[in-house]
Amino acid sequence: MITIRPARDADLDGFLILASQVEHWFGPMVDEPGFHRAVEAHIRNGAALVAESADTSGPVGGLLFGAAPPTYHVHWLVTSEHRRGAGVGRLLMAEAMRRYVTGPGTVEVITFGPDHPGAVESGARVFYERLGFRPGEAADPGPEGGSRQLYRLDVPVPVRPV
């Protein structure tokens, strides 16, 4: 069973473990002080969630969120390698929508561009499309130089579950 809870200061190491599993797609994070500061700020602001499983030590997913209504942002969403495709990301998004989003508005996320190797391997684009996000304009390349694209989800009143 997967549980979703707000992240705590002690969860930084878990976020770094998750980050280490996706650096080949996103570029360096684990040794980047800016990433550490971003995670710590999201935790301090109550805008970070952790997914846990009773049968695994450490987090199986993490999410950093931002809200400036009527626009909301998924800043970072990662599930552990061994749990991808098992619904962890969907649970994290559902909890983020419940906690942070009040419609009407738009939720935005920047994910891999269609030609990025992580676009297919990670399943990120399909994941967001299944949640109802639609592709938007190209975004600036990621730190590793790979293409990125903005995805948007319109949120009516009341917020619909994902």
Side-chain angles (χ1 to χ4, degrees), residues 1-68 72-101 107-131 133 139-151 153 161-162:
M1 179 172 163
I2 304 295
T3 58
I4 309 296
R5 64 165 175 80
R8 302 183 286 260
D9 291 338
D11 291 317
L12 177 61
D13 287 343
F15 276 93
L16 296 177
I17 290 168
L18 291 168
S20 73
Q21 297 176 13
V22 296
E23 284 186 316
H24 59 287
W25 294 323
F26 289 107
M29 291 179 283
V30 174
D31 294 327
E32 291 297 318
F35 181 72
H36 291 234
R37 285 191 300 273
V39 173
E40 290 165 343
H42 280 82
I43 291 171
R44 212 175 24 258
N45 295 331
L49 298 174
V50 170
E52 295 178 314
S53 175
D55 63 348
T56 305
S57 66
V60 295
L63 179 141
L64 305 177
F65 205 79
Y72 305 88
H73 300 276
V74 179
H75 290 156
W76 194 72
L77 170 62
V78 173
T79 59
S80 64
E81 292 171 328
H82 67 283
R83 292 297 176 106
R84 289 191 192 124
V88 174
R90 182 177 286 277
L91 290 171
L92 282 163
M93 282 299 298
E95 184 62 15
M97 297 292 285
R98 187 187 74 73
R99 281 181 181 269
Y100 308 124
V101 178
V107 180
E108 297 181 342
V109 62
I110 294 178
T111 192
F112 303 116
D115 62 337
H116 191 289
V120 174
E121 191 178 339
S122 74
R125 291 172 63 89
V126 169
F127 168 76
Y128 288 114
E129 289 169 6
R130 286 184 179 156
L131 293 180
F133 284 77
D140 291 338
E144 85 301 347
S147 66
R148 297 290 191 270
Q149 185 171 8
L150 180 70
Y151 269 61
L153 174 68
V162 293

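Heavy-atom minimum distance, L16 versus H36: CD1-CE1, 3.5 Å. Scanning both residues, L153 and L131, for their nearest heavy atoms gives CD1-O, 3.8 Å. Across all their heavy atoms, G46 and Y100 have their closest contact at O-OH, 3.0 Å. When all heavy atoms are compared, the tightest approach of A7 to V50 is CB-CG2, 3.6 Å. The two residues A139 and L150 come nearest to each other via the heavy atoms CB-N, 4.4 Å. Smallest separation of non-hydrogen atoms from G113 and A119: O-CB, 3.3 Å.
Between H42 and H75, the two ring planes are perpendicular [angle over 60°; tilted spans 30° to 60°].
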I would like to know whether F133 and Y128 meet ring pair (Phe, Tyr, Trp, His ring centres under 6.0 Å); could you show each step before the answer?
CA-CA 5 Å; F133 284 77; Y128 288 114; 5.3 Å; yes

Please step through ring pair (Phe, Tyr, Trp, His ring centres under 6.0 Å) for the pair F65 and W76, ending with a clear verdict.
CA-CA 7 Å; F65 205 79; W76 194 72; over 10 Å; no

Take I2 and V60 through the test side-chain contact (heavy atoms from CB on, under 4.5 Å) and record every step on the way to the result.
CA-CA 8 Å; I2 304 295; V60 295; 3.9 Å; yes

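Listed by first and then second residue, the side chain to side chain donor-acceptor pair (under 3.5 Å) pairs involving residues 5-27 are R5-D11, R5-E52 (not counting sequence neighbours). Residue pairs meeting the side chain to side chain donor-acceptor pair (under 3.5 Å) criterion with at least one partner in residues 54-67, sequence neighbours excluded, are S53-D55, D55-R83, T56-R83.
Annotation: D31, atom CG; neighbour count of heavy atoms from other residues, nucleotides and ligands within 6.0 Å does not exceed 12.
Contact of the F15 side chain with the V78 side chain is not registered, since no non-hydrogen atoms from C-beta on lie closer than 4.5 Å. By the 4.5 Å heavy-atom criterion applied to side chains, L77 and V109 are not counted as neighbours. Side-chain contact check for R125 versus Y151: some heavy-atom pair is nearer than 4.5 Å. Taking 4.5 Å as the limit, some side-chain heavy atom of F26 sits within range of a side-chain heavy atom of F112.
If you take CG on L18 and CE on M29, they are separated by 9.5 Å, rounding to the nearest 0.5 Å. Taking CD from Q149 and OG1 from T111, the interatomic distance works out to 9.0 Å, rounded to the nearest 0.5 Å. Here M93 contributes atom CE and R130 contributes atom CZ; the two are 15.0 Å apart, rounded to the nearest 0.5 Å. Here the straight-line distance linking atom CG of L91 with atom CG of L63 works out to 11.5 Å at 0.5 Å rounding. A distance of 10.0 Å separates CZ in R99 from CD1 in I4, rounded to the nearest 0.5 Å. For the atom pair I110 CD1 and D140 CG, the distance stands at 7.5 Å (nearest 0.5 Å).
Scanning for ring-ring contact (aromatic ring centres under 6.0 Å, His included) contacts around Y72 gives an empty result, with sequence neighbours left out.
In this structure, the side chain of E144 engages the main chain of G146 through a donor-acceptor pair within 3.5 Å. The closest donor-acceptor contact from the side chain of H73 to the backbone of A68 lies at 3.5 Å or more, if one exists at all.
Salt-bridge formation is detected for the pair R98/E95: a Lys NZ or Arg NE/NH1/NH2 atom is positioned less than 4.0 Å from an Asp or Glu carboxylate oxygen.
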